[in-house]
Engineer: 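One structure follows; several queries about it will come next.
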Amino acid sequence: MQIHFIEGYIQQIYLVEYPDKLLLLDGCCRADVDTVCHYITHTLSRPVTDLKLVVVTHMHPDHAGGAHLLRTITGAQIATANIAGHWYSGIDGILMHWSDMILALWVAGRKNKARKNIWYARKLKADHYLEDTHPLPGFEDWQARHTPGHTDRDLSLYHQTRNCIYVADLFVKVRGAFIPPYPVFYPNRYRNSLELVKKLKPRTVILAHQGEIDFQNIDFEKLENQAPSVPVTHWRSVKAKTKRALGLTK
């Protein structure tokens, strides 16, 4: 088993290679689909149909945006957390979906990336819905762990033999320091998720926006202290400003 690290549109892409199959640890951006397929066919010299499973750790554009299109192109199945309902449900969900795509394009601009089409369906149609501790279908050496907080359905992926865990956006590195992500919708669940990873004590932690980090270099106590006590989200801020502009709040 080998993990390939690929530079994506606004995040790292992690493609896991086996002799007979490939696993994508997250659904990446829609803009990354060609990058993934090109890497499979040109760098690995394999057919795209060797991609058997795409995991969607949560529904943000850089983690879910390419999943449906990759399934169409490669025939891979999609796995995600078994959480009831859709993250982007209702009128609020539609508006939040658009705001998250705008935020992703803003991040791309900060990275000096050209503006690309990152539109994707706000409702995920997965093939597998995973409970906490369940193995990934077809890749039983990987275990799904529910680590919500950033959203209600965040997944981390733990490989016991390699002793590593991919935590997606559980935390990020900014100016040399590890900090909680933005947004954090569920602060209490977030702290529980940090504690879960802390107790696992993996050799390394793989981040969506940073790479692979030695576990001993992460100050979990500092992360827990920095975690918000109330939800901190751009969407709450947008709604509050809109209500104030409309005179709906004092």
Side-chain angles (χ1 to χ4, degrees), residues 8-11 13 24 26-34 36 54-73 76-111 113-130 146-155 168-170 172 180-190 193 208-209 228 230-250:
Y9 187 48
I10 62 172
Q11 81 298 323
I13 300 168
L24 195 62
D26 225 335
C28 56
C29 283
R30 179 191 177 108
D32 294 317
V33 170
D34 287 345
V36 172
V54 177
V55 181
V56 171
T57 61
H58 60 288
M59 282 302 295
H60 287 158
D62 49 336
H63 299 269
H68 284 160
L69 187 54
L70 281 166
R71 178 168 59 188
T72 298
I73 293 171
Q77 295 189 325
I78 298 172
T80 195
N82 187 21
I83 305 296
H86 294 282
W87 176 243
Y88 294 119
S89 61
I91 299 299
D92 273 8
I94 293 172
L95 296 175
M96 188 164 63
H97 182 232
W98 278 99
S99 70
D100 284 343
M101 287 189 286
I102 291 169
L103 180 61
L105 289 172
W106 178 82
V107 171
R110 290 290 299 271
K111 290 176 171 285
K113 299 290 185 70
R115 182 164 293 193
K116 294 186 178 182
N117 177 17
I118 62 168
W119 184 92
Y120 65 110
R122 65 186 175 90
K123 294 183 179 181
L124 183 68
K125 296 180 180 178
D127 302 286
H128 304 279
Y129 294 89
L130 306 174
H146 286 201
T147 50
H150 182 48
T151 73
D152 70 342
R153 60 198 63 219
D154 301 81
L155 275 183
D169 287 347
L170 186 64
V172 297
Y182 183 82
V184 173
F185 278 83
Y186 303 95
N188 292 335
R189 299 186 204 179
Y190 179 74
S193 296
H209 297 276
V230 296
V232 176
T233 74
H234 61 283
W235 181 233
R236 284 169 66 94
S237 176
V238 167
K239 288 198 294 183
K241 290 178 180 178
T242 301
K243 287 180 179 179
R244 284 198 297 270
L246 296 174
L248 299 178
T249 59
K250 295 182 180 180

Engineer: Count the heavy atoms of every other residue, nucleotide or ligand shown that sit under 6.0 Å from CG of Asp34, and state whether that count exceeds 12.
Structural biologist: no
Engineer: Are Gln11 and Val107 side-chain neighbours, meaning at least one heavy-atom pair lies under 4.5 Å?
Structural biologist: no
Engineer: Testing the 3.5 Å rule here: is there a donor-acceptor pair between the side chains of Asp169 and His60?
Structural biologist: no
Engineer: For the atom pair CD1 (Ile10) and NE2 (His209), what is the distance rounded to the nearest 0.5 Å?
Structural biologist: 6.0 Å
Engineer: Is there a donor-acceptor pair closer than 3.5 Å between any side-chain N or O of His97 and the backbone N or O of Lys123?
Structural biologist: no
Engineer: Supply the atom-to-atom distance Arg153 CZ to Thr80 OG1, rounded to the nearest 0.5 angstrom.
Structural biologist: 7.0 Å
Engineer: Can a donor-acceptor pair be found, under 3.5 Å and without considering hydrogens, that links the side chain of Tyr9 to the backbone of Ile118?
Structural biologist: no
Engineer: Short question: side chain of Arg122, backbone of Tyr88 - any donor-acceptor pair under 3.5 Å?
Structural biologist: yes
Engineer: Is it true that a side-chain atom of Asp154 and a backbone atom of Thr151 form a donor plus acceptor pair closer than 3.5 Å?
Structural biologist: yes
Engineer: Mind listing the closest non-hydrogen atom pair of Val184 and Thr233 along with its distance?
Structural biologist: O-CG2, 3.9 Å
Engineer: Could you walk me through whether Asp127 and Arg71 pass the side-chain contact (heavy atoms from CB on, under 4.5 Å) test, one step at a time?
Structural biologist: CA-CA 10 Å; Asp127 302 286; Arg71 178 168 59 188; 3.0 Å; yes
Engineer: For His68 and Ile78, what are the C-alpha separation, side-chain angles and deciding distance, and is it a side-chain contact (heavy atoms from CB on, under 4.5 Å)?
Structural biologist: CA-CA 8 Å; His68 284 160; Ile78 298 172; 3.7 Å; yes
Engineer: Roughly how far, to the nearest 0.5 Å, is the CD1 atom of Ile91 from the CD1 atom of Ile94?
Structural biologist: 4.5 Å
Engineer: Hey, could you give me the CH2/NZ distance between Trp106 and Lys111, rounded to the nearest 0.5 Å?
Structural biologist: 11.0 Å
Engineer: Take Leu170 and Tyr190 through the side-chain contact (heavy atoms from CB on, under 4.5 Å) test and state the conclusion after the steps.
Structural biologist: CA-CA 8 Å; Leu170 186 64; Tyr190 179 74; 3.8 Å; yes
Engineer: With a sphere of 6.0 Å drawn around NZ of Lys125, does it hold more than 12 non-hydrogen atoms of other residues, nucleotides or ligands?
Structural biologist: no
Engineer: Report yes or no: does Asp26 contribute a side-chain atom to a donor-acceptor pair with the main-chain N or O of Cys28 at less than 3.5 Å?
Structural biologist: no
Engineer: Look at the aromatic rings of His150 and His58 and report parallel, tilted or perpendicular, splitting at 30° and 60°.
Structural biologist: perpendicular
Engineer: Looking at side-chain heavy atoms only, is the closest gap between Val54 and Gln77 below 4.5 Å?
Structural biologist: no
Engineer: Roughly how far apart are Arg30 CZ and Met101 CE, rounded to 0.5 Å?
Structural biologist: 10.5 Å
Engineer: Apply the side chain to side chain contact (heavy atoms under 4.5 Å, CB included) test between Leu155 and each candidate in Ile83, Leu130, Thr147, Val56; give the one that qualifies.
Structural biologist: Leu130
Engineer: Ignoring hydrogens and geometry, is there a side-chain-to-backbone donor-acceptor pair from Ser193 to Pro148 under 3.5 Å?
Structural biologist: yes
Engineer: Please report the C-alpha distance between Asp100 and Met59 in whole Å, then the side-chain angles of each, then the deciding distance to 0.1 Å, and finally whether the side-chain contact (heavy atoms from CB on, under 4.5 Å) criterion is met.
Structural biologist: CA-CA 10 Å; Asp100 284 343; Met59 282 302 295; over 6 Å; no
